[in-house]
Amino acid sequence: MLAYLVRRIIFGAAVLVGTSVITFTIAFVVPADPAVAMAGAKADPQTLASIRIEMGLDQPLYVQYARYFDRAIHGDLGRSYIRRESVTRLIADRFPATAVLAGAAMALSLMLGIAMGALAAAYRGRAADNILLVISLALVSIPVFWLGTMLLIAVAAAIRSFPLGGYSGATSLILPTLTLALGSAGYYSRVLHTSLCDAFDQDYVRTARGKGLSRVRVMLKHAMANALLPLVTLAGLDLAGLLSGVVLTETVFNWPGIGRLAAEAIFNLDIPVIMGTVLFSALLIVVVNLLVDLLYAWLDPRIRLAETG
Amino acid sequence: MMRRRLGPARIALLLHVLAIAFAFGCGGGPPPLNLPPHAMVIRLADADDVPTLDPAAGYDTVSWTFEQAIFDTLVRYGDGNIELEPDIATAWESSPDATTFTFHLRADARFSDGRTVTSEDFRYGIERVLNPATRSRGMEYYRGIAGAADFAAHRNPHVSGIDTPDNSTIVFHLGAPDPIFAHKLAMPFASAIPRDVAEKWGDDFSRHVVGSGAFMLREWIGGQRLVLVRNPYYFAKPLPHLDAIVESVGVNQELQWLRFDAGQIDAVVDIPPAEFPYVMKTPALRKLTLAKTTVTTRYLGMNCQMWPFTDVRVRRALSCAIDRHKLIAILNGRGVVARGVMPPNLPGYDPDLEGYDYDPAKARALLEQAHLARGFEFEIWMRADQTILMLAQSIQQDLAPLGIRARLKPVAWGPFLEAIRQPRTVQSFMQGWEADFPDPENFLGALISRAQWGSNNDSFYSNPEVEQLLAQAEPVADLKKRYALYDQAEKIVVADAPWVFLYYPVTYIIRQPWVHDYVINPMRPTRFEHVWLSPHPD
């Protein structure tokens with residue numbers, strides 16, 4: 001298990017180095033002059049020239065990358081061209097809001113998804129299954145920006161106690177969480193439904209039924225154990241995505257997260273912030289994937305045996 | 001010992017507990033404001049985050065809104081006009097040849113940390129801008145001060161052209177006459193900066209600003225809110241009337257409107273286009289609006305170095321083919337038809353300039369003369385923005401009957417700026433220019449001169465006759481002569497038509513009935529020293 005862990009960490013580090021090379025290269029491939037981004041729309045040629053020299057943009061590309069890499073491994077992702085602030089600090093400022101939203105959305109989507117999936121599987125082929133199928137497909141299909149705006153207009157504007165966007169405690173979390181969670185819940189419910197239906201046809205479930213166990217007990221005690229495994233992988237990937245920022249939801253609800261930071265940076269061609277948020281997202285994906293793999297191996301003895309054997 | 005297998009219910013429970021702990025363990029929003037219960041607080045919102053509060057760095061409306069509340073300059077503009085008036089300087093004079101400017105400072109101005117403002121603080125503020133290490137966007141405005149180049153090249157510890165004979169006098173010696181230099185000192189770049197604070201925080205000064213303006217920074221939570229409170233040491237007592245300004249950031253236009261409607265914010269600068277007709281048709285709302293034509297020109301730039309716009313007849317044809325009144329209608333009346341480079345409200349504006357009328361027949365004739373009777377195809381670049389796209393679509397429709405097929409290319413602001421500055425890259429583009437100071441040089445010199453190729457002259461236009469007139473006009477201190485020279489230059493530019501002059505925007509704001517003395521400035525963000533609020537529901 002330890003060898004597996006070490007291998008995955010080395011692989012993760014390689015992914016991060018690769019990401020840094022790609023983002024740095026892209027930053028130079030796009031026709032973006034950092035001096036223009038920093039000096040603004042009205043800067044004259046002399047100002048631009050002096051800023052280029054000051055920023056070391058006259059140095060060869062590999063020298064600039066080496067400097068960037070050295071700083072990055074020490075936690076310094078450079079300074080925003082527009083805000084002049086440390087990118088590491090900008091990300092650190094925005095991450096808590098994104099983490100809160102991601103955590104809440106993940107919890108709600110799992111709760112709803114597992115409940116709907118289990119219920120639909122328990123009533124397989126009956127009216128309740130079909131109704132839940134339609135509901136989950138509808139949830140998956142609703143665009144996030146539309147749902148968010150509608151929730152704001154219908155709920156927040158009608159019920160004054162709901163905050164109109166912003167990040168101001170538990171009540172402000174409700175609408176963006178719903179917006180993010182409903183689509184995932186629909187998806188999780190379909191995945192769980194399929195896994196549970198597969199499990200119901202397995203011998204070990206038939207044996208449990210034959211032993212006279214109740215339907216609920218068979219599902220929770222026997223079928224669910226295997227059926228939940230694909231959900232762990234899915235939820236892990238989703239969590240990494242959510243933690244990297246959810247641009248549309250954060251924009252609609254004025255949520256001060258990493259997604260909005262990245263979107264603003266892209267809009268303004270603020271290359272250090274773009275590179276910083278991409279690198280940070282890659283780090284989150286690597287870490288969460290590693291945790292999911294470890295969790296998976298812990299939950300499923302077959303995987304553990306395959307890795308050690 | 002038997003190891004207990006983790007049951008499925010426990011797995012689900014574990015996942016939920018982890019997720020919920022994650023959600024609520026990370027905190028629940030910003031701390032409460034903690035302002036006194038009856039404090040007079042104006043609540044504002046903006047779609048953009050505040051980029052910076054450092055006067056050397058900021059060069060945008062949002063940053064300037066708060067920089068001019070926190071910092072003082074030597075001179076400033078009136079709340080609702082573009083006339084220079086005293087700020088920290090009580091009086092000023094310039095030499096007849098406009099090469100020496102002397103300012104006398106008031107003695108009672110103090111920073112929000114209690115220290116007295118002196119002439120050294122103004123010298124430091126400008127030297128900080130001129131220092132390339134600061135990477136200031138305002139460098140170019142003060143490069144004309146004698147010795148600025150030596151200072152920027154680190155050959156001299158100070159700018160030799162700035163004298164501070166005593167704490168309350170500052171003298172600027174310029175390398176060449178600049179009659180509008182005092183206007184450049186009204187820009188936030190030239191604010192009084194306390195050296196000790198700026199040097200202590202370095203690049204993070206923006207988060208720890210100390211100024212001598214009416215307000216001081218209380219709190220700034222990135223992406224969430226900015227709170228300014230009254231500076232107890234502000235010299236112009238009893239101003240300001242407000243106890244605090246609370247700006248929520250990242251609030252999109254629609255959300256701003258919902259919050260305004262719910263009474264949660266006190267003024268909206270950008271009424272959503274979908275709501276604007278409703279506002280103007282509803283008397284109760286209409287009377288809450290304020291309007292002013294800004295010192296701004298919006299135009300369709302044509303790259304004079306790229307086919308087919310190398311031919312002046314084609315450029316004139318486009319100028320005749322576009323119905324500007326239709327554009328104003330799309331803007332719900334929030335604009336005035338443009339006739340030239342310079343907008344109304346700008347000194348030197350020529351109200352008699354004829355410009356181009358909508359005349360498709362004339363446009364067709366001009367195209368025939370240019371041997372393009374069957375039309376042509378070209379690309380219009382623009383910032384990705386719903387309103388700009390609607391205007392571009394109207395232009396596209398106007399050109400279609402002439403066989404001109406315009407392909408629209410909306411892109412993000414950063415890449416847009418990059419692209420239009422590249423030579424022979426962008427055929428045409430929708431752009432605008434807001435005045436930095438009220439002088440024709442800030443339009444014609446900044447946008448039309450050959451020296452601005454690759455930065456602000458994105459049409460890559462050049463005409464030796466215009467260059468000569470601009471060079472002649474720049475040092476002339478006699479305003480009548482100065483404006484006459486710029487007027488001559490503008491007439492040539494209009495005839496050469498490097499732009500289709502589209503419109504001069506009219507800005508509308510709406511404020512709650514309890515907001516008083518809120519005034520729109522045609523060239524600068526609104527100032528808050530005189531704004532006050534009557535009692536109102538929270």
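So that the names make sense, note that chain A is the first sequence line, chain B the second, and so on, each numbered from 1. Please read these numbers as outputs of a predicted model, since none were measured by experiment.
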### Summary
OG1 (A:Thr149) and CG (B:Asn252) are apart, to the nearest 0.5 Å, by 8.0 Å
### Closest non-hydrogen atom pair between B:Trp220 and A:Glu85, with its separation
CH2-OE2, 4.2 Å
#### Entry: For the student: nearest non-hydrogen atoms of A:Pro256 and B:Gly223, plus distance
CB-O, 3.2 Å
By a 4.5 Å heavy-atom criterion (distance strictly below it), what part of [X] contacts chain A: side chain, backbone, both, or neither?
X	result
B:Thr134	backbone
B:Arg383	side chain
B:Val411	neither
B:Ala446	neither

### Query
So, does A:Arg84 use its side chain to make a donor-acceptor pair with the main chain of B:Phe205 at under 3.5 Å?
no
### Query
Charged N to carboxylate O below 4.0 Å: is that the case for A:Arg260 and B:Asp49?
no
### Task
For the residue pair A:Asn254 and B:Gln256, establish whether any side-chain heavy-atom pair is separated by less than 4.5 Å.
no
### Task
Check whether any side-chain heavy atom of B:Asp203 sits under 4.5 Å from a side-chain heavy atom of A:Arg79, and report yes or no.
yes
### Task
Could you have a look at B:Leu53, B:Leu255, B:Asp48, B:Thr52 and say which one has the most heavy-atom pairs with chain A under 4.5 angstrom?
B:Leu255
## Note on the structure
Ranked by heavy-atom pairs below 4.5 Å to chain A, first place among B:Arg207, B:Met139, B:Glu254, B:Gln264 goes to B:Arg207
### Query
What part of A:Ile266 lies closer than 4.5 angstrom to a heavy atom of chain B: side chain, backbone, both or neither?
backbone
